[in-house]
Amino acid sequence: AQKVTQAQTEISVVEKEDVTLDCVYETRDTTYYLFWYKQPPSGELVFLIRRNSFDEQNEISGRYSWNFQKSTSSFNFTITASQVVDSAVYFCALSEVTTGANSKLTFGKGITLSVRP
Amino acid sequence: DAGVTQSPTHLIKTRGQQVTLRCSPKSGHDTVSWYQQALGQGPQFIFQYYEEEERQRGNFPDRFSGHQFPNYSSELNVNALLLGDSALYLCASSLFGTSGQETQYFGPGTRLLVL
């Protein structure tokens, strides 16, 4: 069975600090996909990134960067120079290849990030 | 380009009642998935519809049922509501594929409160 663990529940930082959100996953499959979503107070989940299990290259998008390490089954997310608008709940999710259907997402419990001015 | 829309935004019901939630997928998408998100938890997969058929189902009782229409929109029905059904119900749409890489895009959700 697949599982996603986000051990941090709440993180509070001051604006302009860097912050890393941790994600550890479990799966028996060799092919899988990892995702990060952001959920602002409005409730809608906003897609941030997707990585496949064969691509361990780190990715950077503006102030966001992701570190994928298969050896430790981790897919961590770093926000550089955090801003108040980054305050939200962040979810890591895992999908596996299935037959006859889109793969369901298995989510972690989420990390609440508060960025103070 | 319209995103995923859901209705209603909020709903209050009493135990034992039945409820229907609606979802319209993002333009160009043909697959709809439903998730339940309890307070302080991550979303839990309920089921997924493609070609008007239920393709996958999570660990939810038969009280949870769904439907997909020819225009790809979908409904989630919950019968015999329990207090524990109070949650944010999220609809996600995607383009069908079996590679696992299909990104699901979420709607704003329907907040259901059962009294």
Side-chain angles (χ1 to χ4, degrees), chain A residues 1-10 21-25 27-55 68 88-112, chain B residues 3-6 8-10 23 25-26 29-51 53-60 68 72 74 87-112:
Chain A
Q2 43 188 339
K3 183 180 178 182
V4 175
T5 301
Q6 295 182 263
Q8 304 153 309
T9 53
E10 294 185 22
L21 311 181
D22 298 334
C23 173
V24 173
Y25 62 91
T27 177
R28 297 176 189 167
D29 280 12
T30 55
T31 302
Y32 52 89
Y33 290 81
L34 295 162
F35 301 78
W36 276 94
Y37 285 86
K38 172 182 180 180
Q39 187 174 43
S42 61
E44 181 171 346
L45 283 167
V46 178
F47 166 73
L48 296 177
I49 190 172
R50 178 189 72 217
R51 297 298 272 174
N52 74 57
S53 52
F54 298 112
D55 183 0
F68 175 32
V89 182
Y90 290 86
F91 290 96
C92 180
L94 167 71
S95 76
E96 297 171 335
V97 177
T98 57
T99 301
N102 278 39
S103 299
K104 67 175 186 179
L105 290 171
T106 298
F107 286 86
K109 291 189 175 182
I111 302 170
T112 300
Chain B
V4 181
T5 60
Q6 292 186 242
T9 54
H10 295 80
C23 171
K26 184 178 167 69
H29 285 178
D30 55 12
T31 301
V32 172
S33 302
W34 287 91
Y35 292 81
Q36 180 196 64
Q37 185 179 15
L39 199 60
Q41 301 295 316
Q44 298 287 316
F45 175 76
I46 303 175
F47 44 51
Q48 181 184 93
Y49 278 84
Y50 170 66
E51 289 188 333
E53 287 186 14
E54 184 182 290
R55 295 290 178 149
Q56 280 194 96
R57 189 178 183 91
N59 293 325
F60 280 81
Q68 186 180 36
Y72 308 122
S74 176
L88 177 66
Y89 288 85
L90 293 162
C91 168
S93 76
S94 55
L95 199 56
F96 184 78
T98 56
S99 67
Q101 68 174 319
E102 303 79 20
T103 297
Q104 295 182 30
Y105 293 88
F106 286 80
T110 294
R111 293 188 185 275
L112 171 64

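Note on naming: letters A, B, ... go to the chains in the order of the sequence lines (proteins, then strands), and numbering restarts at 1 for each one.
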Is the NZ atom of Lys38(A) crowded by more than 12 outside heavy atoms at less than 6.0 Å?
-> yes

Taken to the nearest 0.5 Å, the spacing of Thr103(B) OG1 from Ile49(A) CD1 works out to 10.5 Å

Assess whether side-chain contact (heavy atoms from CB on, under 4.5 Å) is satisfied between Leu105(A) and Tyr35(B), documenting all intermediate values.
-> CA-CA 9 Å; Leu105(A) 290 171; Tyr35(B) 292 81; 3.4 Å; yes

Least distance between heavy atoms, Gly43(A) atom then Leu90(B) atom = O-CD2, 3.9 Å

Within 6.0 Å of CZ in Phe107(A), more than 12 heavy atoms from elsewhere = yes

Give, for atom CZ of Phe106(B) and atom CZ of Phe47(A), the distance between the pair rounded to the nearest 0.5 Å.
-> 11.0 Å

Engaged part of Phe47(B) at the chain A interface, taking heavy atoms whose separation is under 4.5 Å = neither

Answer with side chain, backbone, both or neither: which region of Gln39(A) has an atom nearer than 4.5 Å to a non-hydrogen atom of chain B?
-> side chain

Where on Gln6(B) is there a heavy atom nearer than 4.5 Å to chain A: the side chain, the backbone, both, or neither?
-> neither

Gln44(B), CD: over 12 other non-hydrogen atoms inside 6.0 angstrom = no

Residue, of Gly42(B), Gly58(B), Gly109(B), that accumulates the most heavy atom pairs under 4.5 Å with chain A = Gly42(B)

Does atom CG of Asn59(B) have more than 12 heavy-atom neighbours, drawn from other residues, nucleotides or ligands, at distances under 6.0 Å?
-> no

If you measure from CZ on Arg57(B) to NZ on Lys104(A), what distance do you get to the nearest 0.5 Å?
-> 12.0 Å

Look up atom CD in Glu102(B) and atom OH in Tyr33(A), then write down how far apart they are to the nearest 0.5 Å.
-> 7.5 Å

